[in-house]
Amino acid sequence: MAYDHRDIEKKAREKWAGLDLYSTDLRDESKEKYYLLTEFPYPSGDLHIGHWYAFAVTDIYARMLRACGKNVLYPIGFDAFGLPAENAAIKNGIDPKEWTYANMARMREQLVSMGASFDWSKEIVTCDPSYYQWTQWLFTKIFEHGLAEHREASVKWCPKDQTVLANEQVQEGCCERCGTPVEEKRLTQWFLKITDYAKRLIAGLETLPWREEIKEAQRAWIGESEGAKLRFDLKPDSQGRTLGSIEVFTTRPDTIFGATYVVLAPEHALLRQGFAGQALKNQKEVDAYIKATSKKTERERNENKEKTGVKLEGVTAINPATKEEIPVYIADYVLASYGTGAVMAVPAHDERDHEFAKKFGLPIRSVIKPTNWIVYTADGRRISIDELSEEERQNLFAHSPSFASAPILNPGILINSGEFTGKNSEEVKWDMVKYAGGEKTTQYRIRDWLVSRQRYWGCPIPIVYDREGKPHAIPSEHLPWLLPTDVDFKPTGKAPLASSKELKERVTKIFGEGWTPEYDTLDTFVDSSWYFLRYLDHKDAHDFSDAALMKSWLPINRYSGGSEHTTMHLLYARFFTKVLYDLALVPVDEPFMERFNRGLILGPDGQKMSKSKGNVINPDEFVQKYGADAVRIYLAFIGPYNEPGSYPWNLDGVASMRKFLERITRLVEKHAVVSPVHTVPERMQQMIARASVKVAQDGDRFKFNTSVSALMILVNELEVSTTVPKTVLQYLVIMLAPFVPHLAEHLWEKLGGEGSVHKQSWPAEYVVTAAQEVEVVVQVNGKRRGVITLATNISEADATTAARTLPTVSVALGGKEPNRVVYVAGKILNLVV
RNA sequence: GGGCGAGUAGCCGAAUUGGUACAGGCGCAUGGCUUAGGACCAUGUCUCGCAAGAGGUGGGGGUUCGAGUCCCCCCUCGCCCACCA
């Protein structure tokens, strides 16, 4: 064994513990600041390979930045509230707090053992009252500014976890945590009004140099649609009493003349209010449909796309454009939570409406004629549909099933549309809105952020209710509003805090008889929406952070994390920052300058790791056998870290890195003793200079795979040299240090280096000098015909003359004169004949 | 169904702006050193060809002196969203 990694890694960590290498002085103005953030972990217990990938590789960059002279803030903490602790409590009878703190203790040790250079002096823990006091304080500020609302709405409910979920936490109709199909419930809950910020959340993306796919995913999630609100009045009943009106949202107001019925979501408010206090003629049938819908899970509602619905007998709407009386339906294909919860149905120009109309035998009226449609006539000619006569067109529609059965979705020329007939639908769209008495609006797909959770292990919502049930923010002098401990955790569908006697007594004592507490806790995503602000001033008991430090350290330079947070945490954190910016609490309105989503480590079989597939890699095995350093550098080498790709774990990968490290150790041992310090030959200066630039540049791009490759090339080059000066070896070790911090420390000592290798500067003594001569590829007509070595400053004419002396070139030219020469200095010379 | 991204050797992957396609590694092969080695060292490793050379980045077309890179069509895979009016 060339080196004993257990001994080396242990000794290195002991050495660092005595040196306090990574406590960042936030007020040091002498160096350029760099705030490098990596998503803080949930204390689940053990570090799996994903944790290693997240923390070890980002750590490499933190170390590189320090070596390059930056004042680096690289903090860590724990996102410590959450369901697993509570589930463990229910299952094993352990206190969630104990469970969480025990896990954190274990994970701290593991994080240290991977050689991560976190600044532990600034650690935050979201379940600690000193932290959640400020989560609560910020919530009260948001509440006071009207951006937190307590209101009744249809919400997603997970029957297994017995709690509501945010829209973002529902995936394919199932609970993001446990996979149980979610249900819809009508509940009064707390919402943060993220929809008020939808426009700015989209606009803000423009200013960020993020990967386009991340921005696009956020834009799609926010889902901006421009359209109109139109009012369909209901026809008064036989006694002349008004029945009100139905407001719809549409992106296609140009099709208003084709609206032949109106559809309400089964949860629509009108159905609860009733129609002038009168029962519908088929009230029973309608009620049964509403009830059946409410029983369905979201998944059931989506899976069966066969259209269902019921006509509201006795209610008639009036199309505001045609003034026609049209029927009103309820159907579950219309969602209560989008737009106004009602649509005008235009079966001729919308697929869903078309399907529904066919099933219920409703009139389908075309109001748009497509333009520039290329069709094939019976005799095989290709012509535009515009060139057909009306008769031919009708004939085509009658005989072509696709024309007859499919709605026309594109805009075109209006037909059957009163005074708008013959006009271009896109051009007169907004005039038609005016004509129909509607107004232009923008609708967003994103829903307000539901933050109430009927669970125990979370931040208590800092709200109390007065005798009338009106919510009030808990004044700051009573914060932190402590999570009670006399609580029954068992999920019953009611918030566990409701079982706390202490909490009720606390409220009575402070606010008076008749006042009641809020029993729900906050979604843990609220805790993590501002944690990066707290690192700057993690102990402050008087403020959530430090204004001066926020000014000098924000925005965060680079944020590294997982792509699963693109439309959750990342969106929430941006929203929070914008709100706090508006409240003049933070100095920036975008928190993260750069964002990098790392990829996924797959099992050796190329499949996603899972216990059931038996392809789970346990990092500890590899750490024990080959050392933390070998695992670190393998993870750096496995693939580019700047794109969310997925990389299969190569079972020989860590071993091969270990071999590389052993070769380095032998190289250092061989030359450290025999070669005294002497001048570094030009050739080696160039080797070091090239590696230094390449490793650092690729590190900046989060392409550690090619950084490692550059180090391998350097080692390969040095291995074949008979003598290697100590200076060169020291530079090599300094460049290795971010990747293999323990071994580098050991080798640094072997080389007689002073202090710690992690205090050394990145090699910058040598610069890559421009070569005097360079190899240029010679092409004839774009085909490679040879290579010549030319002075870098040679003229095109001289280069051409030189190239033509090559036999292969003169053969290829065949005696002809080139009529064009393309010369890219230092790269290529192309003779075109 | 919609959106986004990606397809380069047996495998992971290199190739800043269009400029020598396959760097680095894994695996494999041959040889050396060894009692032995799953250790170490050396050499080789896209295809055809003795060679000169020719072909080659999912398939087909195009732009260009020159295309992995840009444009159009198609195929496959991955991720996200999914009755959003």
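First the proteins, then the strands, lettered A, B, ... as listed; each starts at 1.
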Q | Polar side-chain atom of A/Arg663 near backbone of A/Arg658 as donor-acceptor pair, under 3.5 Å | A | no
[X] [atom1] to [N] [atom2], straight-line distance once rounded to whole Å:
X        : N      : atom1 : atom2 : value
A/His565 : B/rC80 : NE2   : C1'   : 15 Å
A/Trp210 : B/rG5  : CH2   : C1'   : 18 Å
A/Lys703 : B/rC12 : NZ    : P     : 15 Å
A/Tyr3   : B/rA39 : OH    : P     : 17 Å
A/Trp221 : B/rA82 : CH2   : P     : 5 Å
A/Lys307 : B/rG1  : NZ    : P     : 15 Å
A/Asn781 : B/rA54 : CG    : C1'   : 16 Å
A/Arg211 : B/rC80 : CZ    : P     : 16 Å

Q) Are A/Tyr641 and A/Tyr61 close enough that their ring centres sit under 6.0 Å apart? A) no
State which of [options] makes the closest approach to the side chain of [X].
X        : options                : result
A/Tyr333 : B/rC83, B/rA54, B/rA85 : B/rC83
A/Thr251 : B/rA85, B/rG13, B/rU16 : B/rA85
A/Val334 : B/rC12, B/rC81, B/rA85 : B/rA85
A/Arg701 : B/rA85, B/rU16, B/rC4  : B/rU16

(Q) Between the side chains of A/Arg595 and A/Glu39, is the shortest nitrogen-to-carboxylate-oxygen separation below 4.0 Å, so that they form an ion pair? (A) yes
Need one value for [X]: base, sugar-phosphate or nothing, where a base atom within 4.0 Å counts as base even if backbone is also close, heavy atoms only.
X        : value
A/Ser225 : sugar-phosphate
A/Tyr647 : sugar-phosphate
A/Leu831 : nothing
A/Pro644 : nothing
A/Glu643 : nothing
A/Arg447 : base

Q | C1'-based separation of B/rC41 from B/rU8 [nearest Å] | A | 32 Å
(Q) I'd like the C1' distance from B/rG7 over to B/rA21, given in whole Å. (A) 16 Å
Q) Is the closest side-chain heavy-atom distance between A/Arg219 and A/Lys215 below 4.5 Å? A) yes
**Q.** 4.5 Å side-chain heavy-atom contact, A/Thr442 and A/Ser225
**A.** no
Charged tip of [X] within 45° of [Y] ring normal and under 6.0 Å:
X        : Y        : answer
A/Arg666 : A/Tyr3   : no
A/Arg574 : A/Tyr197 : no
A/Lys193 : A/Trp449 : no
A/Arg632 : A/Trp52  : no

(Q) Show me the dot-bracket string of RNA chain B, counting Watson-Crick or G-U pairs under 3.5 Å, with | for pairs to another strand and [ ] for crossing ones. (A) (((((((..(((......[....)))((((((.......))))))(((....)))..(((((..]....))))))))))))....
Q: Let me have a per-nucleotide readout for nucleotides 20-32 of chain B, 5' to 3', with B, S or -, counting only protein heavy atoms under 4.0 Å.
A: B--BBSSS-----
**Q.** Residue mapping more 5' on RNA chain B - nearest nucleotide basis, A/Leu335 or A/Asn167
**A.** A/Asn167
Q: Measure up the A/Phe360 and A/Phe356 rings against each other and bin them: parallel (under 30°), tilted (30 to 60°), perpendicular (over 60°).
A: parallel
